[in-house]
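These notes concern the structure reproduced below.
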Amino acid sequence: MESGEQIEIARNQLAAFLIERADQSECHAAGEGLSEIKLPERGKPVHKTHYCGAMNASHVGSTVKLAGWVGKRRDHGGLIFIDLRDRSGLMQLVFDQQLGVKMFRDAESLRSEYVIAVEGEVVRRAEDNINPALPTGDVEMRVARMEILNKSKTPPFYIEDDLNVDENLRLRYRFLDLRRPEMLERLKLRHRAVKLVRDYMDRFDFLEVETPMLTRSTPEGARDFLVPSRLHQGSFYALPQSPQLFKQLLMVSGIERYFQIVRCFRDEDLRADRQPEFTQVDIETSFFGPENLFALLEGLVAKLWKEIHNIEIKKPFLRMPYKEAMNRYGSDKPDMRFGMELIDLGDLAVKSSFKVFTSALDGGGAVKGLCVKGGKKMSRKELDDYTLFARRLGAKGLAWAFVEDSGWRSPISKFFEPDLLQEINRKMKAAPGDLVLFVADNWETTCQVLGHLRLALAPEEKSADPHFLWVVDFPLFHYNENEERYDSDHHPFTAPRLEDLQLLEKDPLSVRAQAYDLVLNGVEIGGGSTRIHDSETQARIFKLLGLTDEESREKFGFLLDALSFGAPPHGGIALGLDRMIALLTGDESIRQVIPFPKTAAASCLMTGAPASVDLAQLDELKIDLQPLDEKS
RNA sequence: GGAGCUGUGGUGUAGUCGGUUAACAUAUCGGCCUGUCAAGCCGAAGACCGCGGGUUCGAGUCCCGUCAGCUCCGCCA
């Protein structure tokens, strides 16, 4: 492919292109703008001596080689302009008939996304030809030589930013989608963030240790992805939902400070912020304590936001108990960028004659309200839609009232004495022109439904600053109605708060866990806990979760074993890297920051995964397929 | 498992109350063109309207089913 002539040119210019590694700082920023081409010792440039995006006035007069993809082409007949694109950016090439007839004919044949290498002089553009929109807009290359390294079919969509194309197509041709500069920027930003995490953790003596991808399935939690074993027919590995047990075992091993940037797998339905495989920044510590862990994490995310967005984050972060978060925001991951808190109306609603309210309260439930400022412009249709929305979320209904000077315009106003009505208005800080919404149900449903309504009706202008907080004091268990047993709220290795330990068997639901979530702008970006580090407490928890001694020994024997050999007090956290990156890039979906994501139906449109396999493969594993469900 | 939205030349869209040649932009192909950078001008080709069925004299349009993508609920320790 490469002509001898080109090799010659490369040799002649070699000296100028070798990079000096010696003075490179520890932090080479591949995610930053690219300047000079760096090569290993004895390296020779192939096809290019410079990056397109790095060309500027300082190169004027020198002859350089560039290589990349043909972007926009502007053919004026005797003069052709080509935007040449590589990882670093764009550079305008000028093909002039007078600089060679053959080459010019080749240039006329160039089409979008052809791969070319060019050589020529960098010249300053005439004053009125400068393109201020382009970093390289002061200069252009007068092409003296060109080689077409590869042709390209016409791409199925434009390789440009801000494109509006079916996600189907983007995912099927993800390799082209990633050619778009904005997607490249996402990959670069992710690289920088990951590197920053590694450097930061290293500075605090954390050791990055790898844990198995082929491990054993454990009960509880998400569905496992299973991997059949050939050597042990009928047995299966599971891909890790997280390295939870391994990192605890590493604490028993005496690692003391562990972290890992690690892929995790959960076979559950997808969302904009959930993929079947995703990446965690996994952290575990011994002899460290939650306070140090909070400080460590706050320092880490503050550094991320500082380095990437130059935003100073105030520390320490706000801490809020789970109960309070639910009561005030109707969510265990409250978005604190705006107020609009839920107001508890139990004390006032009880004085009304509205059965829906009073019977909810009689039944031990709650009545809460939400004030929508300026909500009077809402149409009846919209109110019906929100009522439907509330019903879908589990509420029996949605009560509403337009606040007016004379009282409420509402189907339920007749159940409230004028004084009571004013009291409610006062408590909700509702003024004429506002809309107030009420939900009456059990405590959890009431909070959750209003929490969703709060987000749906959130004001346009939210605070621009990132709002971090720790949500703490989660319950240790919740009751699983379907299975009629208690389930761990976090995971079964979470330590109860010591003062709640005596309630463990008496009143499990009131036991608080030493667990915490890190929340940013309404998104849970991490969660962790102090772990149980003695085998007796661990065994008590397993029993409460309905595991028999035999079961827990079979499934978790190695953990109980490890905890009985001098396990240090330990705890940790896992951060959702994809979510964090998506927040840094401002993307709604983590698909944008995952190079090769799955669709909502968990398939890969590019590779066609998942796919059927050869019968021979199944035979080897001694796996028979049952008749498939109808739809397949 | 459930709900909602979307699906029309390669791409992005329009298509009225069901009415017969499915429109526009852009990309593509051909021609012209020496300073463009969303280049311009002229011309050509390109769709059986996601798929299947139904209603109707007649369906891109209405109905049912289905597939795909997206969003949400359930689920996700």
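Reminder, nothing fancy here: chain letters follow the sequence lines and each chain counts from 1.
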For [N], does either OP1 or OP2 sit under 4.0 Å from a side-chain N or O belonging to [X]?
{"X": "A/His76", "N": "B/C32", "answer": "no"}
{"X": "A/Thr599", "N": "B/G69", "answer": "yes"}
{"X": "A/Ser603", "N": "B/G69", "answer": "yes"}
{"X": "A/Arg74", "N": "B/U36", "answer": "no"}
{"X": "A/Arg170", "N": "B/G69", "answer": "no"}
{"X": "A/Asn131", "N": "B/G35", "answer": "no"}
{"X": "A/Arg125", "N": "B/C37", "answer": "no"}
{"X": "A/Arg591", "N": "B/U71", "answer": "yes"}

Quiz item: Counting only Watson-Crick or G-U wobble pairs whose two distances fall under 3.5 Å, which nucleotide matches B/C70?
Solution: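 When the pairing criteria are applied, B/G4 turns out to be the nucleotide that pairs with B/C70.
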Quiz item: In Watson-Crick or G-U wobble terms, both distances under 3.5 Å, what is the partner of B/U55?
Solution: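 Looking at the geometry, B/U55 pairs with no nucleotide.
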Quiz item: Less than 6.0 Å separating the ring centroids of A/Phe104 and A/Phe95?
Solution: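 A/Phe104 vs A/Phe95: aromatic centres not under 6.0 Å.
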Measure from [atom1] on [X] to [atom2] on [N] and round the result to the nearest Å.
{"X": "A/Phe389", "N": "B/G4", "atom1": "CZ", "atom2": "C1'", "result": "12 Å"}
{"X": "A/Leu169", "N": "B/C70", "atom1": "CG", "atom2": "C1'", "result": "14 Å"}
{"X": "A/Ile590", "N": "B/C70", "atom1": "CD1", "atom2": "P", "result": "12 Å"}
{"X": "A/Leu455", "N": "B/U71", "atom1": "CG", "atom2": "P", "result": "17 Å"}
{"X": "A/Asp269", "N": "B/C73", "atom1": "CG", "atom2": "P", "result": "12 Å"}

Quiz item: Does A/Leu110 offer a backbone N or O that forms a donor-acceptor pair with the side chain of A/Arg73 under 3.5 Å?
Solution: yes
Quiz item: In terms of the angle between their ring planes, are A/Phe556 and A/Phe542 parallel, tilted or perpendicular, with boundaries placed at 30° and 60°?
Solution: parallel
Which part of the nucleic acid does [X] contact within heavy-atom distance under 4.0 Å: base, sugar-phosphate only, or nothing?
{"X": "A/Asp489", "result": "sugar-phosphate"}
{"X": "A/Ser242", "result": "base"}
{"X": "A/Asp166", "result": "sugar-phosphate"}
{"X": "A/Asp96", "result": "base"}
{"X": "A/Ala601", "result": "sugar-phosphate"}
{"X": "A/Leu605", "result": "sugar-phosphate"}
{"X": "A/Pro156", "result": "sugar-phosphate"}
{"X": "A/Arg142", "result": "base"}

Practice problem: Nearest 0.5 Å please: distance from the CG atom of A/Leu544 over to the OH atom of A/Tyr486. | Solution: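 Answer rounded to 0.5 Å: 8.0 Å.
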Quiz prompt | Qualifying residue, where the test is side chain to side chain donor-acceptor pair (under 3.5 Å) with A/Arg531 and the options are A/Gln514, A/Glu284, A/Gln248, A/His570 | solution = A/Glu284
Can you find a donor-acceptor N/O pair under 3.5 angstrom joining the side chain of [X] to the base of [N]?
{"X": "A/Gln92", "N": "B/U36", "result": "yes"}
{"X": "A/Arg392", "N": "B/G74", "result": "no"}
{"X": "A/Arg274", "N": "B/C75", "result": "yes"}
{"X": "A/Glu140", "N": "B/G35", "result": "yes"}

Quiz item: Cationic tip of A/Arg391 within the cone over A/Tyr386's six-membered ring, i.e. under 6.0 Å and within 45° of the normal?
Solution: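 Judged by the rule (NZ or CZ under 6.0 Å from the ring centre, within 45° of its axis), A/Arg391 is not positioned above A/Tyr386.
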Exercise. Identify whether a stacking contact exists between A/Phe157 and B/U11, where the ring centres must be under 5.5 Å apart and the planes under 30° apart.
Key: no
